[in-house]
Amino acid sequence: MINTLVEFIRTAVTDYMDSDDAVPQFSVNIPAREEYGDFSTGVAFSLAPAVKKPPFEIASGISKKMQKGIPGIVSRIDVIKPGYINFFMDNKFWHAGVKDIVEKNTAYGKNNFGQGKRILVEFISANPTGPVHVGHGRGAVVGDVLARVLAVSGYHVTREYYINDAGNQVLSLGYSVLNEYYRLNGIDTEVSRQGEYAGEYIKNISDMLGSHMPQSDINEEHIRLITGFAADVILDTIKQTLLGFGVGFDSWFSEKSLYEDNSIPAVIQELEKKNAVSRSEGATWFLSTLYGDEKDRVLQKQSGELTYFASDIAYHVNKYKRGYDMLVNVWGADHHGYLPRIMAALRALGYDPAKVIVLFVQMVRLMRGDKPVAMSKRAGEYVTLKELVDEVGSDAVRFFFLQRSHESQLVFDIELAKKQSQENPVYYVQYAHARIASIFVYARTKGWDVNGLTYAADYVFGAEEKRLIAQCLLYPQVIMDMAVKMEPHRLTHYLIELVGILHKYYTDTRVVGDDSNTGQRLLLMKMVKIVLKNALDLLGINAPEKM
RNA sequence: GCGCCCGUAGCUCAGUGGAUAGAGCGUCGGACUUCGAAUCCGCAGGUCGUGGGUUCAAAUCCCACCGGGCGCUCCA
């Protein structure tokens with residue numbers, strides 16, 4: 001519905017510019033002050049550099065082109081100081097808006113920005129060497145909500161988890177389990193490599209080894225089996241944790257599979273064909289400096305082992321070969337230094353680097369009151385995502401993470417999150433949904449058929465009601481904005497604002513009354529409830545009927 | 001030293017070219033015989049790290065500096 005206003009403006013701008021490809025990207029927004037109208041646009045500002053006129057003059061010119069389209073949409077147009085065009089909407093517009101939202105219902109907010117393009121979102125991808133921790137949790141929420149937003153924005157989305165089940169880290173896990181097993185069973189054997197992982201979960205896995213374990217003569221095959229077993233167990237608990245956190249995947253991609261189908265040597269060969277490989281000091285190097293990296297990188301070590309980097313190139317090539325239009329990687333910010341080398345490799349191999357978009361998710365610092373929480377993974381002293389979710393609740397954790405830009409570090413105070421459980425913003429939003437549900441229950445007892453309400457076109461909306469509708473009408477634009485900018489945190493702020501307007505309206509206005517306008521107010525509530533439900537669904541947060 | 005991110009109210013953070021810079025928490029004071037007070041209303045609180053520059057217009061863009069986090073492995 002907001003599109004009718006956007007198109008209305010676009011037509012006038014096209015008319016003013018005398019060409020439709022001179023129309024810039026613009027949006028409408030709700031002005032800060034009531035006297036500035038119901039909606040406003042700053043198109044004139046974006047036009048100013050090209051037209052080389054003051055924004056105010058441009059805005060005036062545009063507004064003159066708008067006169068003919070006014071009936072049924074806009075009742076008044078103001079052009080203000082620096083160059084804003086402000087709109088006071090016609091009563092018909094508000095009615096059409098409410099109707100549009102209520103009729104679209106669960107489909108309201110969807111858009112076709114993605115035009116069916118295929119997009120792969122890879123996120124979390126935590127090593128199966130221990131439970132996922134809170135930092136992974138943040139990446140999980142960012143990736144999950146981004147995937148949901150892209151899906152309702154017309155993309156064909158695949159969610160993927162890359163399992164690092166090859167290489168030294170998992171091997172070290174295997175040794176950790178084995179050592180623990182020996183320790184628990186009082187077996188005195190020297191194992192060549194020390195495992196670096198510790199913690200309760202290592203003990204649990206070694207317990208599970210039970211009678212399957214050979215008592216002596218451990219060979220490499222045994223280690224491999226133990227490692228695989230341990231990684232499987234851990235991956236399983238990771239899946240369980242994520243499920244409890246509302247995060248699911250379409251695809252679990254195994255790094256080991258890249259070893260098994262020989263795609264890593266194949267990729268190295270490809271690089272060799274491009275003359276981007278050299279051998280020195282007993283190792284095989286990718287000459288990434290030729291493609292913008294600051295130093296060359298090892299693909300195959302002196303020992304003959306392949307590096308993580310080598311398999312990661314093969315992984316990315318695999319993604320390209322699967323034919324996606326876009327590849328999104330959600331990485332921890334501590335991996336940012338890694339980006340130039342992977343991009344160098346993709347460039348060297350002739351893949352379009354513009355298809356890869358990497359979101360770096362900054363660190364989470366956990367606090368209990370004013371005491372920082374130890375986060376050493378190796379020592380096994382860290383708060384797992386599961387522990388945090390059990391303690392604070394999935395909805396609150398998600399909402400809290402989504403209030404901050406993924407590019408900002410954030411401090412998560414567990415004590416505070418628990419203490420303010422009554423005042424937590426997530427409850428503020430959920431309460432609004434439950435409150436409307438409760439109004440409906442009451443309305444039914446008064447004989448209203450909430451699902452069979454009729455529209456009364458002569459009803460004139462009050463200021464607060466118009467504000468409520470306006471905010472709801474902006475919803476699709478917020479979704480689109482999130483999809484375009486890939487910023488999943490914008491929706492929580494939108495919701496807090498919407499709910500603020502709703503709660504105020506509720507205290508000022510009795511919805512279910514004796515007057516004949518009750519039906520129109522119930523329709524308004526229905527509209528808000530739809531937007532709340534759709535938005536909360538996108539965030540993976542419950543929209544309760546009761547609290 | 002180099003690179004990435006951050007520096008906005010007491011605290012945690014939105015806002016990233018445009019109207020009088022916002023929210024939550026915290027402080028203080030009000031509002032329930034009526035649809036849910038997990039709510040609402042009000043008060044207080046800002047050199048937008050510092051200094052320069054670009055622009056009709058800068059918290060937002062550019063440069064320098066200061067402060068914090070992370071990264072600069074033949075680890076992943």
Identify whether any heavy atom of A/L339 sits under 4.0 Å from a base atom; if not, whether one sits that close to sugar-phosphate; answer base, sugar-phosphate or nothing.
nothing
Closer than 4.0 Å, any side-chain N/O of A/T507 to the OP1 or OP2 of B/rC40?
no
Among B/rA19, B/rA76, B/rU12, the one nearest A/R404 by side-chain distance:
B/rU12
Can you tell me if the side-chain N/O atoms of A/Y315 get under 4.0 Å from OP1 or OP2 in B/rA76?
no
Under 4.0 Å between any heavy atoms, over every strand shown, what does A/N86 touch: base, sugar-phosphate, or nothing? Just pick one.
base
Assign A/H335 to base, sugar-phosphate, or nothing according to its heavy-atom contacts below 4.0 angstrom with the strands shown.
base
Using a 4.0 Å heavy-atom cut-off across all strands, classify A/S405 as base, sugar-phosphate, or nothing.
sugar-phosphate
In chain order, what residues pass the side chain to side chain contact (heavy atoms under 4.5 Å, CB included) check against A/P353, with sequence neighbours excluded?
A/M343, A/R347
For nucleotides 3-5 of chain B, tabulate all protein N/O to nucleotide N/O atom pairs closer than 3.5 Å, reporting atom names and distance.
{"from": "B/rG3", "atom 1": "N2", "to": "A/H336", "atom 2": "NE2", "distance (Å)": "2.4"}
{"from": "B/rG3", "atom 1": "N3", "to": "A/H336", "atom 2": "NE2", "distance (Å)": "3.3"}
{"from": "B/rC5", "atom 1": "O2'", "to": "A/Q362", "atom 2": "NE2", "distance (Å)": "3.4"}
{"from": "B/rC5", "atom 1": "O2'", "to": "A/E407", "atom 2": "O", "distance (Å)": "2.4"}

Sugar-phosphate only, base, or nothing, as touched by A/T509 at under 4.0 Å among non-hydrogen atoms
base
With the threshold set at 4.0 Å, does a side-chain nitrogen-carboxylate oxygen contact exist between A/E294 and A/R341?
no
In terms of the nearest nucleotide of RNA chain B, which residue is placed more toward the 5' end: A/Q403 or A/Y338?
A/Q403
According to a strict under-4.0 Å criterion, is A/K485 in side-chain N/O contact with OP1 or OP2 of B/rU16?
no
Whichever of A/D334 and A/D296 has the more 5' nearest nucleotide on RNA chain B, that residue is A/D334
Listed range with range, the stems formed with RNA chain B by at least 3 consecutive Watson-Crick or G-U pairs (under 3.5 Å) are B:1-7 with B:66-72, B:10-13 with B:22-25, B:28-31 with B:39-42, B:49-53 with B:61-65
Phosphate-side-chain proximity, A/N168 and B/rA76, N/O vs OP1/OP2 below 4.0 Å
yes
Mind checking whether A/F412 and A/F400 have ring centres under 6.0 Å apart?
yes
Electrostatic pair A/E391-A/R368, nearest N-O below 4.0 angstrom
yes
At 4.0 Å (heavy atoms only), tell me whether A/Y442 reaches a base, stays on the sugar-phosphate, or touches nothing.
sugar-phosphate
Criterion ring pair (Phe, Tyr, Trp, His ring centres under 6.0 Å) on A/Y84 and A/Y36, from CA distance to verdict:
CA-CA 9 Å; A/Y84 288 99; A/Y36 292 145; 7.4 Å; no
Ring centroids only, cut at 6.0 angstrom: are A/F39 and A/F88 within range, meaning strictly under it?
no
Among the candidates B/rU12, B/rC74, B/rA38, find the nucleotide nearest to the side-chain atoms of A/K295.
B/rC74
Spell out yes or no: do the side chain of A/S40 and the base of B/rA19 have one donor N/O and one acceptor N/O closer than 3.5 Å?
yes
Salt bridge present between A/K295 and A/D293 (N-O < 4.0 angstrom):
no
At 4.0 Å (heavy atoms only), tell me whether A/A434 reaches a base, stays on the sugar-phosphate, or touches nothing.
base
Salt-bridge present (A/R467, A/E497; N to O < 4.0 Å):
yes
Between A/Y308 and A/Y338, what is the ring plane arrangement, given parallel below 30°, perpendicular above 60°, and tilted in between?
tilted
Closer than 4.0 Å, any side-chain N/O of A/R365 to the OP1 or OP2 of B/rG68?
no
Check A/R279 with A/E272, please: is the shortest side-chain N to carboxylate O separation under 4.0 Å?
yes
Would you mind checking if A/E34 and A/K466 are paired as a salt bridge, meaning a charged N to carboxylate O distance below 4.0 Å?
no
Evaluate whether the aromatic ring of A/Y84 and the six-membered ring of the B/rA19 base sit under 5.5 Å apart, centre to centre, with an inclination under 30°.
yes
Looking at every strand, decide which applies to A/P31 at a 4.0 Å heavy-atom threshold: base, sugar-phosphate, or nothing.
base
Touch class at under 4.0 angstrom, heavy-atom based, for A/F412 against every strand present
nothing
Look at all strands and tell whether A/K546 reaches a base, only sugar-phosphate, or nothing, counting heavy atoms closer than 4.0 Å.
base
Heavy atoms only, 4.0 Å cut-off, all strands: where does A/V511 land among base, sugar-phosphate and nothing?
base
Looking at A/K504, does any N or O in its side chain come under 4.0 Å of the phosphate oxygens OP1/OP2 on B/rG42?
no
What contact category does A/A283 fall into here, base, sugar-phosphate, or nothing, at under 4.0 angstrom with non-hydrogen atoms?
base
For A/M363, which contact category applies under a 4.0 Å heavy-atom criterion: base, sugar-phosphate, or nothing?
sugar-phosphate
